[in-house]
Amino acid sequence: MAKVTVPSDQQAEQYQISPDYVRISMAAAIELGLKPGRINRCNCNCINLLQNYPEGCYANCTYCGLARERPGTPEENTFIRVAWPLYPTDLVAEKIAEREANGGVGRVCISQVQDHRAYDDLVDMIRRVKRPAPQVPMSALVSATTLNEERLHTIKEAGVDIIGVGLDAVTEELFEETRGRGTKGPHNWEYHWRIVRAAREIYGAMKVNCHIIVGLGETDKELVDMFYQLKEEQIAGYLFSFNPEPGTVMQDLSRSPIHRMRRIQLVKHLIENQNLPREALSFDNESSISRLDAPETMVEVAVNTGLPFMTNGCPDRAGEVACNRPYGSYRPGEEYRDYPFQPNANDLIVIRQQMRLEEVWANLNPVM
Ligand code: SF4
Ligand code: SF4
């Protein structure tokens, strides 16, 4: 990224930075009437906000468009591939309050980046949103490295009821390679887990989530192990699909094949909602799922609801998914990786073809 030479204590005069300014996802900007347009087939009801500093983010995650050592200017930064327009925080807070008074906002989420100002600014920004809209549910997608237990308490007192942690990689080795030591970045696996577990204690069961990216180089078995661990600890796991970001270290890596993504989505859903036992899954030499031994009714009912293939995200006040991040895991015009709406019968035909479940599902391939 182009080097920023202005010292941080003088940046507020020259740049539009947080806490006074905030980036907002395009879907949320449209939803609040800040941008024209509409997102196809999306009931977008989560206002996703992102802190803004000239340097982007001081971490150096190998897949991320905000990473420190990514080439390009700060203005070219993207976060999960979607341009995030910049607005005054108080204007966004005002629009949220207006919308809250006219039908309600599903949820607001503020994403931190890695920066020495990020914690203080997060608390300030939460308060600015809460002041005119005290009832709006708020999440904070935190950079665990900026936090400690006391800060988690303060964020809660400021009005956040759900903490999201970008774990992204599901093993220590992969985490260190993509986000930690291997990137000369500040993140550390053990410290992330300390913050995840502290947040779990402070915020409660299923009030903490870990973002998990499919396709960073992990095996199916490692993903499945993580799903069981999170379930046991009553921490939510929210799936994302790796999509190479131009200019990043991982720009040339391919995405996971779609059949893998679909099977992982289904298995995660069965583990979380149908108590799929570990023994129901077998893995081949490469630790890929080779067999799913689950009753027909369990699998068919789950697939037919379409729910396993929907975006995972924080809920609204009624418990429905609010944060559905259209274009978070795929680009406009590409096939859906996760659906920001409940798939209909036509979508389910496509999903079944993509999933090729007959290759692994024991019910269709009984052992003789
Ligand atoms: S900490 Fe988050 S925003 Fe910063 S480089 Fe890593 S993934 Fe990107
Ligand atoms: S799922 Fe959405 S609302 Fe929840 S922490 Fe993640 S980005 Fe924020």
Side-chain angles (χ1 to χ4, degrees), residues 1 18 23-25 27-28 44-53 55-70 74 77-82 84 105-115 118 122 126 129 136-147 155 160-169 175-180 182-188 191-192 195-196 199 203 206-213 216 235-240 242-243 245 247-250 310-317 320-329 338 340:
M1 190 177 301
S18 295
R23 289 190 182 275
I24 176 167
S25 70
C44 300
N45 201 17
C46 186
I47 308 302
N48 292 85
L49 308 175
L50 170 66
Q51 292 183 325
N52 186 59
Y53 302 104
E55 299 87 351
C57 176
Y58 270 99
N60 210 16
C61 307
T62 50
Y63 48 84
C64 178
L66 289 181
R68 167 171 42 101
E69 289 183 3
R70 180 186 184 237
N77 293 339
T78 59
F79 187 63
I80 55 171
R81 288 161 309 288
V82 187
W84 291 58
V105 170
R107 179 163 286 274
V108 177
C109 178
I110 302 179
S111 297
Q112 273 190 307
V113 295
Q114 183 67 32
D115 188 283
L122 173 67
I126 295 164
V129 171
V136 73
M138 281 194 80
S139 298
L141 174 58
V142 300
S143 179
T145 309
T146 68
L147 299 183
I155 291 168
V160 160
D161 70 328
I162 295 183
I163 290 286
V165 176
L167 190 63
D168 297 354
F175 183 98
E176 294 298 341
E177 187 186 314
T178 55
R179 316 199 62 203
T183 69
K184 298 198 201 77
H187 297 318
N188 171 275
Y191 195 77
H192 265 62
I195 294 300
V196 169
Y203 286 74
M206 304 310 283
K207 293 289 189 180
V208 177
N209 66 73
C210 290
H211 288 199
I212 292 167
I213 300 180
L216 291 183
I235 296 166
Y238 292 157
L239 283 190
F240 290 68
F242 168 74
N243 211 350
E245 181 83 56
T248 60
V249 174
M250 293 177 80
M310 288 180 70
T311 313
N312 305 146
C314 291
D316 62 15
R317 277 164 269 210
E320 301 296 325
V321 172
C323 179
N324 53 15
R325 305 178 302 278
Y327 310 127
S329 286
D338 45 21

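Read the numbers this way: they start at 1 and go in the same order the structure lists the ligands and their atoms.
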One finds that the ligand 1 atoms under 4.0 Å from a non-hydrogen atom of His187 are 1 (S)
When every non-hydrogen atom of Asn243 is compared with those of Ser329, the smallest separation belongs to ND2-O, 3.5 Å
*asked:* Between Thr145 and Asn188, does the side-chain contact (heavy atoms from CB on, under 4.5 Å) criterion hold? Intermediate values first, please.
replied: CA-CA 8 Å; Thr145 309; Asn188 171 275; over 6 Å; no
Note: Ile163, heavy atoms under 4.0 Å from ligand 2, region reported as neither
Inset, instruction - Answer yes or no for Arg179: is there a heavy-atom contact with ligand 1 below 4.0 Å? - result: yes
May I ask you to decide if Thr311's main-chain N or O and Asn324's side chain share a donor-acceptor pair within less than 3.5 Å?
no
Atoms of ligand 2 under 4.0 Å from any heavy atom of Arg325, numbered from 1 in the order shown, are 1 (S), 2 (Fe)
**OP:** Could you go through the side-chain hydrogen bond (donor to acceptor under 3.5 Å, both in side chains) check for Ser139 and Arg107 one step at a time?
**Re:** CA-CA 7 Å; Ser139 298; Arg107 179 163 286 274; 2.9 Å; yes
Would you say the side-chain atoms of Ser111 pair up with the backbone N or O of Leu50, donor to acceptor, closer than 3.5 Å?
-> no
- Message: I'd like to know if the side chain of Gln51 and the backbone of Ser18 have a donor-acceptor N/O pair within less than 3.5 Å.
- Response: no
Going through the checks in order, is the side-chain contact (heavy atoms from CB on, under 4.5 Å) test met by Ile155 and Tyr203?
CA-CA 10 Å; Ile155 291 168; Tyr203 286 74; 3.5 Å; yes
Query raised in the report: Out of curiosity, is Ser143 lining ligand 1, as in a heavy atom under 4.0 Å away?
Result: no
Any heavy atom of Cys57 under 4.0 Å from ligand 1? The part involved is side chain
From the list Ile213, Val249, Thr62, Asp168, side chain to side chain contact (heavy atoms under 4.5 Å, CB included) with Thr178 holds only for Thr62
Atoms of ligand 2 under 4.0 Å from any heavy atom of Tyr238, numbered from 1 in the order shown, are 1 (S)
Per-atom filter on ligand 1: closer than 4.0 angstrom to a heavy atom of Cys64 are 3 (S), 5 (S), 7 (S), 8 (Fe)
Among non-hydrogen protein atoms, atom 2 (Fe) of ligand 2 lies closest to Cys323 SG, 2.3 Å
Ranked by distance from atom 4 (Fe) of ligand 2, the top protein heavy atom is Cys314 SG, 2.2 Å
among protein heavy atoms, the one nearest atom 6 (Fe) of ligand 2 is His211 NE2, 2.3 Å
Check your understanding: Quick check: does Cys109 put an N/O/S atom under 2.8 Å from atom 8 (Fe) of ligand 2?
Key -> yes
